[in-house]
Amino acid sequence: MVPQSIGCQILEIVSELEGIVFSLDLFEKQVGDEIITLLQNGRKFEESNDTNELESFHQAASRLGISSSRAALTERRALKKVIERARMEEDKRKESIVAYLLHLMRKYSKLFRSEVSDDDSQGSTPCSPTVLDSLEDGGSGGSGCAFERQLSKLNSFNFKPNIRRSGQIPLPPEELRCPISLQLMYEPVVIASGQTYERICIEKWFSDGHDTCPKTQQKLPHLSLTPNYCVKGLIASWCEQNGVPIPDAPQESLDLNYWRLALSASETANSRSMDNVGSCNFKEAKVVSLEKSGTIKEVEVNESENESQCPQEEVSEINVLERYQEFLSVLNEEENLMESCKVVEQIRLLLKDDEKARIFMGANGFVEGLLRFLESAVREGNAMAQEIGAMALFNLAVNNNRNKELMLAAGVIRLLESMISNSNAHEAATALYLNLSCLEQAKSIIGSSKAVLFLVQLLGHETDAQCKLDALHTLYNLSTDHSNILNLLSAGIVNHLQSLVVSGDHTWTEKSITVLINLTSSETAKEEMVSASDLITGLASVLDAGKPIEQEQAVSCLLLLCNGNEKCSQIVLQEGVIPALVSMSVNGTTRGREMSQRLLMLFREQRQRD
C-alpha cells in the first residue's frame with residue numbers, strides 16, 4: 001500500500017521498536033515497592049505491635065505525597081470510590097486490598113498535621129513515628145523543627161508533592177472512555193463483540209491486521225463499526241454536568257496506550273491488571289477480609305472522627321443527610337400523592353447534577369421509595385406524577401450501573417409495562433427504557449417484555465421527535481443482544497426502519513441503518529430485509545444522496561446482506577449502485593472507502609463465477 005522506500009523505513013522502525021524494553025520510572029517503582037511491602041507485611045504487623053506497621057505506612061504515605069490532613073482526606077475519599085467500583089465489578093480481591101489501605105489511612109489519621117498555609121502546595125509532611133512520639137510525649141524541638149527535619153529527609157529522595165486539588169477535571173466514568181486510548185471518546189463506535197471504542201483507535205487496531213476485540217480478545221465475525229449514539233449522548237450529558245468541554249476531536253494522545261493492548265493481544269479475556277503486574281510479586285500480599293480491615297460500615301461510622309479538621313464540611317454534610325432522610329420519610333409514609341409529587345420533583349432536580357447524591361440515594365432505599373411512588377401514580381392514573389417519577393428514576397440511574405441493577409431487581413420493567421399500557425407518559429417511559437438498556441444484563445429482560453412492541457410502534461407514530469430518537473436508540477441497544485432479534489422481528493421492526501430510511505429525513509437515516517446492521521447477525525433477519533420491498537432501494541438512495549457517514553453505514557449494511565447471497569447482490573446491482581460505489585471508493589470516509597471497495601470486489605467475483 002506504500003512505496004518501497006517508505007516500506008523499508010517502516011520496517012526499520014518496527015525493528016527498533018521490537019528491541020525496546022519499556023522501563024518503569026524509578027520514582028514510581030519506589031512508591032510501588034513501598035505499597036507492596038506494606039501489603040506483604042500486614043500479617044506480621046498483626047502478630048507484633050503497631051510500630052513497624054506505622055513506620056512502613058509512614059514511608060509509603062511520604063513517597064505518595066500524602067503530607068497533610070487535606071491530602072489524607074482526599075485520599076480516603078478516593079479509596080472509598082475505588083472500593084465502590086470494585087464492588088460493582090464484583091472484584092473481591094481488589095475490594096479487600098483497598099479496604100485494608102483505607103483502614104490504615106483512618107487508623108493513623110493523627111499522623112497528618114494541619115496545613116501551615118492553604119496556599120502551600122506542599123503543606124506539612126506527615127510526622128515520622130519517632131517525631132510523632134516525641135511530640136505526644138512533650139519532647140523538645142517543636143513541631144516546626146520536626147517538619148523541617150522531615151522535609152530534609154523527603155528531599156533526599158526527590159520528593160514530589162501531591163498537587164491534586166479538588167478543582168481538577170474529574171475522571172470520566174470507565175464506560176465513557178475508550179479502552180484503547182483511555183480518553184473520553186469523541187466518536188464512540190460498537191464492534192461485533194458489543195464493546196465500544198473510539199473510532200480512530202479501533203480503525204487503527206483493525207488496519208494493523210487484528211481481527212479480535214482488544215478488550216475481550218474475542219475473534220470477531222466481521223469488522224463493521226456502528227456508531228454508539230447512546231454513549232455519545234451520555235458523554236455530552238456527563239461533560240455538561242461536570243463543566244467539561246464536550247470533545248470536538250479525538251484526543252491527541254490516542255496512540256500512547258495502543259501498544260499496551262497490542263502487546264497483550266494473546267492474553268485471556270478475564271485477566272485483570274492486579275494479576276499481571278509483571279515484576280511485582282503479589283503472592284505474599286495480604287488479602288484481608290473486610291471484617292478484619294474495617295468494613296465499609298465501620299469506615300463510615302468513624303468518618304466524623306477522622307475528618308474533624310473540616311468542621312464546616314461536616315456540618316454541611318450532616319444537613320444534606322438530614323434533608324435526604326426527610327425526603328425518604330415522605331416517600332415511605334406520605335399517602336397524599338400530590339404531596340409526595342412535590343418531594344419527588346425536588347429529588348429529580350437534585351439528582352440531575354449530583355453524582356454523589358445518586359450514589360447515596362441508591363444505597364439508602366430511594367430506589368424502592370421512588371418505585372412505590374411511581375406504582376401509586378400508575379394506579380391512580382396520574383400522568384404528571386408518572387412522568388415526574390419516571391424522570392427521577394432516570395436521573396438516579398445516569399452513569400450508575402448499581403442503581404440500574406437495583407431497579408431491575410425491584411421490578412421496574414413490570415411497572416413500566418403497566419405505565420405504557422395505561423397512560424400517555426410515553427416520553428418519560430421511553431427515556432427510562434433507554435437508560436436501563438445501557439446495562440448489559442437489562443437488554444434481554446427488556447427485550448422479552450412488552451417494551452419491544454411499544455418501542456417499535458413509536459417509530460411509526462407522529463410523536464415527539466426526541467421520544468422517537470430515544471426509542472430508536474433503545475432499540476439499537478437491544479439489537480446488540482442476539483437473543484432479542486427474533487422478538488424485534490416479530491414486532492415488525494424491519495418495516496418501520498425501512499420507512500425511516502426511505503423517508504430521506506437525515507434525523508433517522510444513519511441511526512436506522514445502524515440498527516439494521518445489528519440485525520444482520522441473524523440469518524432470519526437478513527432474509528426478511530432482502531425480501532422487504534423498498535429497503536434495498538432506500539439503501540441505494542442513501543449511497544447516491546446521503547451524508548458521508550450515512551453512506552458508510554449503508555454500504556456496510558449492503559455488504560453484510562450481499563455476502564454469500566447472490567440473490568441480494570442481483571437486487572442491489574439492479575438499483576444501479578456501481579457509480580455511487582466507485583465514487584465512494586475515492587471520496588468516502590476511511591471506512592466507507594474500504595467497504596465500497598470490498599462490495600465492488602464481491603460483485604466482480606460473482607460476475608466472474610457467472
Side-chain angles (χ1 to χ4, degrees), residues 81 84-85 88-89 169-191 194-202 215 225-251 348-359 361-362 390-408 412 427-443 446 455 465-481 510-511 514-515 518:
K81 288 183 179 179
E84 190 68 30
R85 197 177 306 130
M88 293 171 63
E89 296 170 355
I169 296 176
L171 181 69
E174 184 178 347
E175 58 266 26
L176 305 187
R177 290 181 283 142
C178 173
I180 295 177
S181 70
L182 306 182
Q183 302 285 343
L184 196 63
M185 287 182 279
Y186 162 67
E187 191 176 357
V189 294
V190 179
I191 63 175
Q195 299 292 331
T196 298
Y197 296 91
E198 176 67 66
R199 177 184 285 274
I200 192 173
C201 291
I202 197 63
K215 189 171 182 180
L225 304 180
T226 305
N228 194 332
Y229 298 105
C230 183
V231 168
K232 192 173 181 69
L234 289 174
I235 290 172
S237 175
W238 181 87
C239 289
E240 182 181 349
Q241 291 173 9
N242 291 275
V244 176
I246 298 175
D248 56 1
Q251 298 283 344
R348 181 187 72 81
L349 295 172
L350 181 66
L351 290 169
K352 184 177 180 182
D353 302 309
D354 194 334
E355 188 172 352
K356 289 181 180 178
R358 293 184 199 124
I359 294 171
M361 290 186 180
M391 292 312 296
L393 287 165
F394 174 91
N395 288 346
L396 185 59
V398 170
N399 293 338
N400 195 310
N401 286 345
R402 185 175 178 82
N403 288 351
K404 291 184 180 78
E405 290 169 357
L406 290 172
M407 291 178 194
L408 288 176
V412 67
E427 291 85 354
T430 306
L432 186 51
Y433 272 129
L434 171 58
N435 202 336
L436 293 170
S437 68
C438 297
L439 186 69
E440 196 62 37
Q441 57 262 45
K443 292 177 181 177
I446 298 173
L455 293 166
Q466 185 59 55
C467 180
K468 187 181 288 191
L469 274 176
D470 288 348
L472 193 53
H473 289 161
T474 307
L475 290 167
Y476 164 77
N477 288 340
L478 298 181
S479 66
T480 60
D481 187 329
E510 182 192 355
K511 302 170 185 62
T514 57
V515 180
N518 286 343

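One is the number of the first residue; the rest follow in order along the sequence. Since the model is a prediction, treat every value here as computed from it, not as a measurement.
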Quiz item: Closest heavy-atom contact between R177 and L184?
Solution: CG-N, 4.0 Å

Self-check item: Interatomic distance, E427 atom CD to L432 atom CG [nearest 0.5 angstrom]
Solution: 13.5 Å

Quiz item: Please walk me through it: do V190 and Q195 pass side-chain contact (heavy atoms from CB on, under 4.5 Å)?
Solution: CA-CA 6 Å; V190 179; Q195 299 292 331; over 6 Å; no

Exercise. List the atom of I235, the atom of P188, and the distance in Å for their closest heavy-atom pair.
Key: CD1-CG, 4.5 Å

Practice problem: Evaluate the side-chain proximity of L350 to M361: yes if any heavy-atom separation is below 4.5 Å, no if none is. | Solution: yes

Quiz item: Any side-chain donor-acceptor pair under 3.5 Å between T480 and K443?
Solution: yes

Self-check item: Reported CG-to-OG1 distance for the pair L234 and T196, which is rounded to 0.5 angstrom
Solution: 10.5 Å

Quiz item: Does CD belonging to E174 count more than 12 external heavy atoms closer than 6.0 Å?
Solution: no

Quiz item: side chain to side chain donor-acceptor pair (under 3.5 Å) with D470: which of Q466, K468, H473?
Solution: Q466

Quiz item: Do any N or O atoms from the side chain of N242 and from the backbone of V244 form a donor-acceptor pair under 3.5 angstrom?
Solution: no

Practice problem: Evaluate the side-chain proximity of Y476 to T226: yes if any heavy-atom separation is below 4.5 Å, no if none is. | Solution: yes

Exercise. Supply the atom-to-atom distance Q441 CD to I446 CD1, rounded to the nearest 0.5 angstrom.
Key: 10.5 Å

Practice problem: Might you point out which heavy atoms bring A442 and L436 nearest each other, and give the distance in Å? | Solution: CB-O, 3.2 Å

Quiz item: Between S237 and Q241, is a side chain to side chain donor-acceptor pair (under 3.5 Å) present by the stated rule, with each step listed?
Solution: CA-CA 6 Å; S237 175; Q241 291 173 9; 3.2 Å; yes

Quiz item: Are side-chain heavy atoms of E405 and M88 found at a separation under 4.5 Å?
Solution: no

Exercise. May I ask you to test the P247-C239 pair for a side-chain heavy-atom distance under 4.5 Å?
Key: yes

Quiz prompt | side-chain contact (heavy atoms from CB on, under 4.5 Å) between L469 and K511, worked out | solution = CA-CA 9 Å; L469 274 176; K511 302 170 185 62; 3.5 Å; yes

Exercise. Check whether any side-chain heavy atom of P179 sits under 4.5 Å from a side-chain heavy atom of Y197, and report yes or no.
Key: yes

Exercise. Calculate, to the nearest 0.5 Å, the distance between atoms NZ and CG belonging to K352 and L396 respectively.
Key: 15.5 Å

Exercise. Carefully, step by step, assess I202 and I191 under the rule side-chain contact (heavy atoms from CB on, under 4.5 Å).
Key: CA-CA 9 Å; I202 197 63; I191 63 175; 3.7 Å; yes

Quiz item: Looking only at atom types and distance, does a side-chain atom of K404 sit under 3.5 Å from a main-chain N or O of A397, one as donor and one as acceptor?
Solution: yes

Exercise. For residues C438 and E175, determine if any side-chain heavy atom of one lies less than 4.5 Å from a side-chain heavy atom of the other.
Key: no

Quiz prompt | Exercise: identify the closest heavy-atom pair between L176 and W238 | solution = CD1-CB, 3.7 Å

Exercise. Might you work through the side-chain contact (heavy atoms from CB on, under 4.5 Å) test for Q183 and C178, ending with a clear yes or no?
Key: CA-CA 6 Å; Q183 302 285 343; C178 173; 5.8 Å; no

Quiz item: At what distance, to the nearest 0.5 angstrom, does CG of L408 lie from CG of N403?
Solution: 11.0 Å

Practice problem: Would you name the heavy atoms of L478 and S437 that are closest together and state the gap between them? | Solution: CD2-CB, 4.4 Å

Self-check item: Over all atoms of both residues, closest heavy-atom pair of L455 and T474
Solution: CD1-CG2, 3.6 Å

Quiz prompt | Any T514 side-chain heavy atom under 4.5 Å of Y229 side chain | solution = yes

Quiz item: Any side-chain heavy atom of N435 within less than 4.5 Å of one from V398?
Solution: yes

Quiz item: Under 3.5 Å, is there a donor-acceptor pair between the side chain of R358 and the main chain of N395?
Solution: yes

